[in-house]
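What follows is a set of notes on a single structure, which appears directly below.
These numbers were taken from a predicted model, which means no experiment stands behind them.
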Amino acid sequence: MNTNNIDPLMLPSLPLRERSSLPSCPAIYFVMDGNCVLYIGKSVNLAQRWAAHHRWSQLVKLDTVLRIAWLECNDKDLLVRVEKALIQEFQPKLNGRKHKPPVASKRFTVTVPDSVFENLELLAQAQGRPTANLAAFLIEVGISQIKERGEFPASSKSTKPKDPKQDV
């Protein structure tokens, strides 16, 4: 593959903090700091990958405005080869470096009807990801949608349950 023809600056992109707006397509992605490529990766579903990317906590600590650009690659079998060629071409400084993602700070148990769990397992299997990972992603998406609709409580730290009598 001739990677000289690929210019990440000419690809579709958006600010990394707007990752919830990424398309759900197979793609090679570039994390950009201005004209500099910091990281290159691949995903069969770009939106899902960036919902809980292992580098997120590291990247948001950088004091710059980062963008994510993507090259859609509908042939999923090519993703690995294209990613490898682009990493070799651009030599991004974060690729190849070990990054220990932060440990989840909160865990909880959810009881769902058997049919919901079976559907969750089927979807996770179809996407090639752990069921718990998909459940966490779906919760994050649901919370994001509630926030976008303006239905999220003013203080995200509030744990006070809503008084059901207020609805009467």
Side-chain angles (χ1 to χ4, degrees), residues 1-108 110 119-148 156:
M1 156 164 237
N2 184 358
T3 56
N4 293 330
N5 297 335
I6 298 174
D7 181 358
L9 298 173
M10 301 303 292
L11 296 172
S13 70
L14 52 81
L16 193 57
R17 291 196 181 268
E18 295 177 21
R19 70 190 194 278
S20 63
S21 298
L22 287 167
S24 298
C25 65
I28 303 297
Y29 56 85
F30 303 79
V31 177
M32 309 286 297
D33 181 7
N35 296 338
C36 179
V37 178
L38 296 177
Y39 188 78
I40 297 174
K42 66 181 178 320
S43 178
V44 295
N45 186 317
L46 187 60
Q48 285 182 0
R49 178 71 177 117
W50 277 95
H53 197 283
H54 70 284
R55 294 263 183 193
W56 175 251
S57 62
Q58 177 187 28
L59 293 168
V60 295
K61 289 178 185 175
L62 298 177
D63 192 25
T64 58
V65 177
L66 300 177
R67 295 189 69 77
I68 182 166
W70 64 93
L71 173 65
E72 192 167 340
C73 182
N74 289 321
D75 186 346
K76 294 176 187 175
D77 296 331
L78 286 177
L79 281 172
V80 174
R81 290 188 299 186
V82 173
E83 177 198 33
K84 185 176 179 178
L86 289 168
I87 290 171
Q88 187 173 11
E89 172 74 23
F90 289 97
Q91 298 187 2
K93 70 179 185 177
L94 296 180
N95 283 88
R97 290 189 177 181
K98 296 286 183 192
H99 173 66
K100 185 177 179 182
V103 177
S105 59
K106 304 289 182 200
R107 301 191 104 185
F108 67 97
V110 178
N119 285 332
L120 186 63
E121 280 188 313
L122 285 171
L123 186 56
Q125 184 178 19
Q127 294 180 358
R129 63 192 303 177
T131 305
N133 176 273
L134 177 60
F137 168 75
L138 293 173
I139 291 168
E140 184 176 346
V141 167
I143 290 171
S144 294
Q145 290 173 348
I146 290 168
K147 285 180 177 180
E148 287 172 7
S156 62

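Under the side chain to side chain contact (heavy atoms under 4.5 Å, CB included) criterion, Glu121 pairs with Phe117, Thr131, not counting sequence neighbours. By the side chain to side chain donor-acceptor pair (under 3.5 Å) test, Ser43 is found to be paired with no residue, residues two or more places apart in sequence or in another chain being considered. Every residue meeting the side chain to side chain contact (heavy atoms under 4.5 Å, CB included) condition with Leu78, not counting sequence neighbours, appears here in chain and number order: Cys73, Asp75, Arg81, Val82. Contacts of Arg17 classified as salt bridge (Lys or Arg N to Asp or Glu O under 4.0 Å), with partners at least two apart in sequence or in another chain: none.
Residues Ile143 and Lys147 form a side-chain contact, since some pair of their non-hydrogen atoms from C-beta on lies under 4.5 Å apart.
For the atom pair Gln91 CD and Ile87 CD1, the distance stands at 10.5 Å (nearest 0.5 Å). Separating the CG atom in Asn45 from the CD atom in Gln48 is a distance of 4.0 Å, to the nearest 0.5 Å. With rounding to the nearest 0.5 angstrom, the CZ atom of Arg55 is 12.5 Å from the CG atom of Leu66. Note that CG of Leu71 is 11.0 Å distant from CG of Leu46, once rounded to the nearest 0.5 Å.
Between Trp50 and Leu16, the shortest heavy-atom distance links the atoms CZ3-CD1, 3.8 Å. When all heavy atoms of Glu83 and Gly41 are compared, the closest pair comes out as OE2-CA, 3.3 Å.
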Donor-acceptor pairs under 3.5 angstrom involving side-chain atoms of residues 20-40: please list them, not counting sequence neighbours.
{"residue": "Tyr29", "atom": "OH", "partner": "His53", "partner atom": "NE2", "Å": "2.9"}

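For Glu72, the CD atom counts as densely surrounded, since its 6.0 Å shell holds more than 12 non-hydrogen atoms of other residues, nucleotides or ligands.
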